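Atoms within each ligand, like the ligands themselves, are counted from 1 in listed order. Sequence positions, counted from 1, serve as the residue numbers for this chain. Keep in mind that what you see is a predicted model, and the values were worked out from it rather than measured.
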Amino acid sequence: MAGTTICHRAPLSLSLLRRRSYVRHPSLLPVYSQLSTDTASKGKEFEGRVGFLGIGIMGCPMALNLIKAGYDVTIWNRTKSKCDNLINLGAKYEPTPAQVASSCDVTFAMIADPASAAAVATGENGAIQGLGSGKGYVDVSTVDGATSKLICESVQKTRASFLEAPVSGSKKPAEDGQLIFLTAGDVALYERVASLLDIMGKSRFYLGDVGNGAAMKLVVNMIMGSMMASFSEGLLLAEKVGLDPNVLVEVVSQGAISAPMYSLKGPAMVKATYPTAFPLKHQQKDLRLALGLAESVSQPIPIAAAANELYKVAKSQGLSDQDFSAVIEALKAKLQN
Ligand SMILES: NC(=O)C1=CN([C@@H]2O[C@H](COP(=O)(O)OP(=O)(O)OC[C@H]3O[C@@H](n4cnc5c(N)ncnc54)[C@H](OP(=O)(O)O)[C@@H]3O)[C@@H](O)[C@H]2O)C=CC1
Ligand SMILES: O=CC(=O)O
């Protein structure tokens with residue numbers, strides 16, 4: 001794809017490696033590959049204060065990794081109590097997104113959905129009120145392209161820079177600094193925050209104009225949502241015809257349709273337990289946004305549309321805050337009808 005840069009762990013300075021030696025053994029030194037000609041992402045160490053808005057399932061471990069790497073991190077969350085652990089571990093706290101952005105050089109936001117990501121950026125006491133020339137705003141939430149562009153325009157009006165950078169990878173990859181960043185927007189900001197992305201993630205893609213990162217993320221999660229719905233059908237059908245679903249998980253893991261997600265979630269799904277890594281409500285949100293994306297280019301996505309209906313049923317069963325693998329419960333309910 002024109003304008004696409006793929007980087008796997010940029011080279012890091014010795015001081016940064018020393019700082020983050022808690023994370024990886026030197027034998028796991030970063031591999032770097034750049035597949036286009038632009039000059040972004042040379043891996044220069046970030047200098048300055050880092051803000052982080054949204055200390056939820058993802059935001060908490062992402063901010064924690066920055067703190068552990070020795071950065072001066074200032075946080076905010078709508079529900080303040082969720083900041084307590086990070087404050088005890090050295091984070092500073094400001095009472096509004098505006099104050100975080102005002103006191104930091106670059107501010108990340110990891111917020112639930114388009115409406116809340118826009119509110120945190122542009123609403124009352126929103127981040128843009130604290131932004132200005134020389135500062136950067138990096139939105140790592142999963143939103144649609146239109147929301148991302150709206151936030152970008154508001155940020156740019158303050159003369160700050162904007163990078164869209166949704167992530168692929170869930171709670172555990174966030175804890176392990178193994179996320180995949182899907183970035184788009186200001187190349188200079190991408191380059192400036194590359195070393196921060198490399199602390200939180202294992203690779204980063206630069207995809208060009210704002211909207212492309214959001215679109216890539218929605219396509220990936222559209223596939224993931226359909227895969228999980230299909231896997232759920234398989235587990236239930238196997239059981240119904242007298243097979244052991246645990247054996248199905250094992251068979252799948254050895255063949256061409258093997259996916260880490262199935263091996264990770266399958267055994268718990270067989271036990272009907274859904275410890276939350278990726279909330280079901282967010283997966284349904286992503287399918288809804290992917291349907292909008294497909295509609296915008298008249299692309300039929302009937303399988304994703306069917307999966308979306310299943311996640312909606314699961315939500316109506318009160319499973320919004322369970323892991324998205326709880327979508328299997330919607331099928332169980334359908335089977336009983
Ligand atoms: N969990 C996962 O596996 C992954 C999630 N994502 C995406 O990351 C984003 C965050 O997800 P995750 O951390 O899992 O979700 P959580 O539900 O744990 O966190 C959501 C965050 O958004 C905040 N928030 C929600 N509504 C508002 C609002 N109206 N105003 C201000 N803040 C608000 C929450 O604050 P409060 O604590 O006060 O509710 C919380 O900090 C989502 O876009 C999700 O799709 C992307 C990749 C993986
Ligand atoms: O958005 C969820 C993920 O696992 O990626």
Side-chain angles (χ1 to χ4, degrees), residues 51-64 75-86 91 93-98 100 107-127 138-145 147-148 151 164-183 200-203 205 213-214 216-228 259-262 264-265 274-290 311 315 319-327:
F52 212 107
L53 310 173
I55 305 301
I57 291 170
M58 295 297 286
C60 186
M62 291 170 77
L64 179 58
I75 60 174
W76 170 86
N77 194 60
R78 178 181 62 173
T79 307
K80 195 204 164 195
S81 58
K82 291 191 191 169
C83 296
D84 292 348
N85 280 347
L86 293 186
Y93 171 82
E94 290 286 354
T96 66
V100 172
T107 299
F108 288 81
M110 186 44 134
I111 307 294
D113 54 26
S116 53
V120 166
T122 67
E124 195 183 346
N125 296 317
V138 185
D139 200 329
V140 292
S141 323
T142 304
V143 299
D144 57 309
T147 301
S148 202
I151 295 172
E164 157 187 280
V167 298
S168 192
S170 196
K171 185 179 173 195
K172 181 76 167 59
E175 288 167 355
D176 295 345
Q178 291 288 304
L179 295 169
I180 302 162
F181 284 93
L182 308 171
T183 76
M200 297 183 280
K202 66 177 178 184
S203 61
F205 291 71
M216 182 66 85
K217 174 62 184 166
L218 293 180
V219 172
V220 172
N221 275 30
M222 177 198 79
I223 297 169
M224 187 168 83
S226 299
M227 280 174 67
M228 180 54 82
M261 179 176 90
Y262 296 149
L264 190 70
K265 312 250 182 202
Y274 315 104
T276 309
F278 182 37
L280 187 141
K281 64 185 174 194
H282 292 334
Q283 175 63 81
Q284 195 274 320
K285 173 256 302 178
D286 294 350
L287 281 164
R288 172 173 63 78
L289 297 177
Y311 286 93
K315 274 175 67 175
L319 299 168
S320 287
D321 293 319
Q322 299 281 301
D323 190 70
F324 76 119
S325 49
V327 72

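T107 has its side chain within reach of L53: a pair of non-hydrogen atoms, C-beta onward, lies under 4.5 Å apart. Side-chain contact between Q283 and M228 is absent, with no heavy-atom pair separated by less than 4.5 Å. Using a 4.5 Å heavy-atom threshold, the side chains of C60 and N85 count as separate. Annotation: side chain of D286 is not in contact with side chain of F324 (no heavy-atom distance under 4.5 Å). Considering only heavy atoms from C-beta on, M224 comes within 4.5 Å of N221 through its side chain. Contact check for T142 versus H282: no side-chain heavy atoms found under the 4.5 Å cut-off. Contact of the R78 side chain with the V120 side chain is not registered, since no non-hydrogen atoms from C-beta on lie closer than 4.5 Å.
Considering backbone and side-chain N/O atoms, M58 comes within less than 3.5 Å of an N/O atom of ligand 1. Residue S170 has at least one N or O atom closer than 3.5 Å to an N or O atom of ligand 1. Inclusion of A277 in the set of residues having an N or O under 3.5 Å from an N or O of ligand 1 is warranted. Taking distance alone, with nitrogen or oxygen atoms compared against 3.5 Å, K217 stays at or beyond that limit from ligand 1. Annotation: K82 places an N or O atom under 3.5 Å from an N or O atom of ligand 1; distance criterion only. Geometrically, ligand 1 and G59 share no nitrogen or oxygen pair separated by less than 3.5 Å. Residue F278 places no N or O, backbone or side chain, under 3.5 Å from any N or O of ligand 2.
When hydrogens are left out, the protein atom nearest atom 19 (O) of ligand 1 is G56 CA, 3.7 Å; that is the closest non-hydrogen contact. Considering only non-hydrogen protein atoms, atom 16 (P) of ligand 1 sits nearest to H282 NE2, 3.8 Å. Counting protein heavy atoms only, atom 38 (O) of ligand 1 is closest to T79 OG1, 2.5 Å. The protein heavy-atom contact nearest to atom 45 (O) of ligand 1 is K285 NZ, 2.7 Å. Counting protein heavy atoms only, atom 24 (N) of ligand 1 is closest to I111 CG2, 4.0 Å. At the top of the distance list for atom 39 (O) of ligand 1, counting protein heavy atoms only, stands R78 NH2, 2.9 Å. Considering only non-hydrogen protein atoms, atom 34 (C) of ligand 1 sits nearest to N77 OD1, 4.2 Å. Taking atom 25 (C) of ligand 1 as the reference point, the nearest protein heavy-atom neighbour is A112 CB, 3.6 Å.
To the nearest 0.5 Å, the span separating NZ on K315 from NZ on K285 amounts to 10.5 Å.
Heavy-atom proximity to M110, at under 4.0 Å, picks out these atoms of ligand 1: 8 (O), 9 (C), 10 (C), 21 (C). Below 4.0 Å from some heavy atom of G54 lie the following atoms of ligand 1, by number and element: 41 (O). Counting atoms of ligand 1 from 1 in the listed order, those under 4.0 Å from a heavy atom of V167 are 46 (C), 47 (C). With ligand atoms numbered from 1 in the order given, ligand 2 contributes 5 (O) to contacts under 4.0 Å with heavy atoms of S168. Heavy-atom proximity to P279, at under 4.0 Å, picks out these atoms of ligand 1: 1 (N), 14 (O). For ligand 2, the atoms closer than 4.0 angstrom to any heavy atom of G169 are 3 (C), 4 (O), 5 (O).
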Fill in: Working for side chain to side chain donor-acceptor pair (under 3.5 Å), residues S116 and D113
CA-CA 6 Å; S116 53; D113 54 26; 2.5 Å; yes
Item to complete: Please assess F205 against F181 for the test side chain to side chain contact (heavy atoms under 4.5 Å, CB included), listing each intermediate value before the final yes or no.
Response: CA-CA 6 Å; F205 291 71; F181 284 93; over 6 Å; no
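Here I57 has heavy atoms under 4.0 Å from ligand 1 in both its backbone and its side chain. At a heavy-atom cutoff of 4.0 Å, ligand 2 is contacted by no atom of V220, backbone or side chain. At a heavy-atom distance under 4.0 Å, no atom of V140 approaches ligand 1.
In this structure, Y93 contributes its side chain and K80 its backbone to no donor-acceptor pair below 3.5 Å. Looking at K202, its side chain never comes within 3.5 Å of a backbone N or O of I180 through a donor-acceptor pair. Of the possible donor and acceptor atoms, none in the side chain of E164 sits under 3.5 Å from a partner among the backbone N and O of S148.
Residue contact check for ligand 1: A119 places no non-hydrogen atom closer than 4.0 Å to it. For P166, the heavy-atom gap to ligand 1 stays at 4.0 angstrom or more.
The nearest pair of heavy atoms linking G225 to Y311 is O-OH, 2.9 Å. When all heavy atoms of C83 and I55 are compared, the closest pair comes out as SG-CG1, 4.1 Å.
The residue among H282, Q283, K217 with a heavy atom at the shortest distance from atom 3 (C) of ligand 2 is K217.
Among K281, K171, K172, K265, the single residue meeting the salt bridge (Lys or Arg N to Asp or Glu O under 4.0 Å) criterion with D323 is K265.
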